[in-house]
Amino acid sequence: MHNTIQPKVTLVGAGPGDPDLLTLKGVKALAEANVVLYDALANEEIMIHAPKDAIKIFVGKRKGCHEYTQDQINQLIVDNALTYGNVVRLKGGDPFIFGRGSEEIEFAESFGIPTFVVPGISSSIAVPAYQGISLTKRGVSESFWVITGTTSDRNLSNDVALAAQSSATVVILMGMSKLSQIVSLFQKESKGETPVAIIQNGTTPQEKIGVGTINSIQAVVAENKLSSPAIIVIGEVVKESIKLKGFHEEFILSNIA
């Protein structure tokens, strides 16, 4: 007798890139998938947790080359759930932090499909952590902002200007193309000496890093040939990292020289 298809959609956060940072719940969800729709940002190694016979569809987004629009992805999720049953939508980082996960969940729910979310470790926290940068630290930083550098209308978020006025640690995702604007906003608030770290491909073997201050970071980026995908961390906590101590001493010495 033919089993009736039971549609189900599970949004799984794949973490920041290191395949070991996928949660156990994420591994279990993948193991039960009939279909996996995955992003460019999710490490391909993570796909080994899905059954060999599961249908795997790349719906990745990379700046400038979108395989699918968000509407098409939403439709693919629903179509596959109704046709094959259990769909896992695998997204880099955490699905609800600049991942448009809530839009995908809402669309699936509008068809009466049961939905579940497996949180992922966000790159905004994990990537600095791998460099020994603690986003909050007693006596140094009482809070942190996580801001997208590029909003849906391709502009820099207005929140960056507000964040520049605070004493919080500021983490900017997808902000490399807006770096000069970000620097200007912090300079306007007399924050030119504030430490900055830029980490490209964090938590992966391809990781590259540059450290400086608001005033020097653009030169550091050029010198180290840093580009997207990268995370920008601005704040005194960057200086507190034991791992990055060498960078700072080198930077201070070269400034004195």
>> Donor-acceptor pair, distance only, cut-off 3.5 Å: does the side chain of T115 make one with the backbone of I105?
In response: no
>> Checking S141 now: which residues fulfil side-chain hydrogen bond (donor to acceptor under 3.5 Å, both in side chains) with it, not counting sequence neighbours?
In response: T169
>> Could you tell me if the side chain of V36 sits less than 4.5 Å from the side chain of I57, heavy atoms only?
In response: no
> Under 6.0 Å from the CG atom of L24, do we count more than 12 heavy atoms belonging to anything else shown?
Replying inline: no
> So, does K208 use its side chain to make a donor-acceptor pair with the main chain of N224 at under 3.5 Å?
Replying inline: yes
> How far does CD of E106 sit from CZ of R100, to the nearest 0.5 angstrom?
Replying inline: 11.5 Å
> Are the side chains of V220 and V211 in touch, meaning some heavy atoms are under 4.5 Å apart?
Replying inline: no
>> Going by the rule ring-ring contact (aromatic ring centres under 6.0 Å, His included), which residues pair with F111 if we only count those two or more places apart in sequence or in a different chain?
In response: F107
> Mind checking what makes side-chain hydrogen bond (donor to acceptor under 3.5 Å, both in side chains) contact with Q187, not counting sequence neighbours?
Replying inline: N215
>> Just verifying a value: how many Å separate R89 CZ and N80 CG, rounded to the nearest 0.5 Å?
In response: 11.5 Å
>> What verdict does the side-chain contact (heavy atoms from CB on, under 4.5 Å) test give for Y68 and Q75, after you've listed the backbone C-alpha separation in whole Å, the side-chain angles of each residue and the deciding distance to 0.1 Å?
In response: CA-CA 10 Å; Y68 292 95; Q75 198 58 56; over 6 Å; no
> Considering the options I182, L226, I231, T150, which one meets the side chain to side chain contact (heavy atoms under 4.5 Å, CB included) requirement together with M176?
Replying inline: L226
>> Taking G101's backbone N and O only, do any of them form a donor-acceptor pair with E104's side chain (distance below 3.5 Å, no angle check)?
In response: no
>> Would you say that more than 12 heavy atoms from the other residues, nucleotides or ligands in this model lie under 6.0 Å from the OH of Y84, or not?
In response: no
> Can you find a pair of side-chain heavy atoms, one from V196 and one from I198, that are under 4.5 Å apart?
Replying inline: yes
>> According to side chain to side chain contact (heavy atoms under 4.5 Å, CB included), who are the partners of P114, at least two apart in sequence or on a separate chain?
In response: F116
>> Are P195 and T213 packed together at the side-chain level, in the sense that at least one heavy-atom pair is separated by less than 4.5 angstrom?
In response: no
>> Using modelled atom types and a 3.5 Å cut-off, is there a donor and acceptor pairing between side-chain atoms of K191 and backbone atoms of V183?
In response: no
>> Please list all pairs meeting salt bridge (charged side-chain N to carboxylate O under 4.0 Å, His left out) that have one or both residues in residues 132-149, counting only residues at least two apart or in different chains.
In response: K137-E240
> Tell me, which pairs form a ring-ring contact (aromatic ring centres under 6.0 Å, His included) where one or both residues lie in residues 143-192, sequence neighbours left out?
Replying inline: none
>> What I'd like to find out is whether the side chain of L173 reaches to under 4.5 Å of the side chain of S124, using heavy atoms alone.
In response: yes
> Given a cutoff of under 4.5 Å between side-chain heavy atoms of I, L, V, M, F, W and Y, with clusters grown through shared members, what are the other residues clustered with I121?
Replying inline: L21, Y130
> Ignoring hydrogens and geometry, is there a side-chain-to-backbone donor-acceptor pair from D94 to S122 under 3.5 Å?
Replying inline: no
> Who are the side-chain hydrogen bond (donor to acceptor under 3.5 Å, both in side chains) partners of E223, not counting sequence neighbours?
Replying inline: none
> Below 4.5 Å, heavy atoms only, C-beta onward: do V171 and I147 meet side chain to side chain?
Replying inline: no
>> Determine whether a donor-acceptor pair (N or O, by modelled atom type, separation under 3.5 Å) exists between the side chain of S123 and the backbone of V127.
In response: no
>> The criterion is side-chain hydrogen bond (donor to acceptor under 3.5 Å, both in side chains); which residues satisfy it with N74, sequence neighbours excluded?
In response: Q70
>> Quick check for you: to the nearest 0.5 Å, what is the distance between K243 atom NZ and I133 atom CD1?
In response: 10.0 Å
>> Please determine whether the number of non-hydrogen atoms from other residues, nucleotides or ligands lying under 6.0 Å from atom CD of Q206 exceeds 12.
In response: yes
> Do V160 and I172 have side chains that get closer than 4.5 Å, going by heavy atoms?
Replying inline: yes
> What's the spacing between Q72 CD and D79 CG if we round to 0.5 Å?
Replying inline: 11.0 Å
> How many angstroms lie between CD in Q165 and OG in S190, if you round to the nearest 0.5 Å?
Replying inline: 11.5 Å
>> Which residues pass the side chain to side chain contact (heavy atoms under 4.5 Å, CB included) test with M174, not counting sequence neighbours?
In response: F98, T148
>> Check whether S216 reaches the backbone of G212 with its side chain - one donor and one acceptor, N or O, closer than 3.5 Å.
In response: no
>> Nearest 0.5 Å, please: how far is OG1 in T10 from CD1 in I77?
In response: 11.0 Å
>> Could you go through V12 and L22, starting from their C-alpha distance and side-chain angles, then the distance that decides it, and tell me whether this counts as side-chain contact (heavy atoms from CB on, under 4.5 Å)?
In response: CA-CA 9 Å; V12 175; L22 177 67; 4.1 Å; yes
> If you count the non-hydrogen atoms of other residues, nucleotides and ligands that lie under 6.0 Å from CG in N158, is the total more than 12?
Replying inline: no
> Counting distance only, does the side-chain N/O of S228 pair as donor-acceptor with the main-chain N or O of A230 below 3.5 Å?
Replying inline: no
> Any idea which heavy atoms bring G13 and P95 closest together, and the distance?
Replying inline: CA-CD, 3.5 Å
> Which pairs pass side-chain hydrogen bond (donor to acceptor under 3.5 Å, both in side chains) with one or both residues in residues 25-34, sequence neighbours excluded?
Replying inline: none
> After noting the C-alpha distance and the side-chain angles of I214 and E193, does the key distance pass the side-chain contact (heavy atoms from CB on, under 4.5 Å) rule?
Replying inline: CA-CA 6 Å; I214 284 291; E193 294 307 309; over 6 Å; no
> Taking atom types as modelled and ignoring hydrogens, do the side chains of T69 and D71 form a donor-acceptor contact shorter than 3.5 angstrom?
Replying inline: no
> With a cutoff of under 4.5 Å between side-chain heavy atoms, which Ile, Leu, Val, Met, Phe, Trp and Tyr residues group with I242?
Replying inline: none
> Going by heavy atoms in the side chains, are V221 and L179 under 4.5 Å from each other?
Replying inline: yes
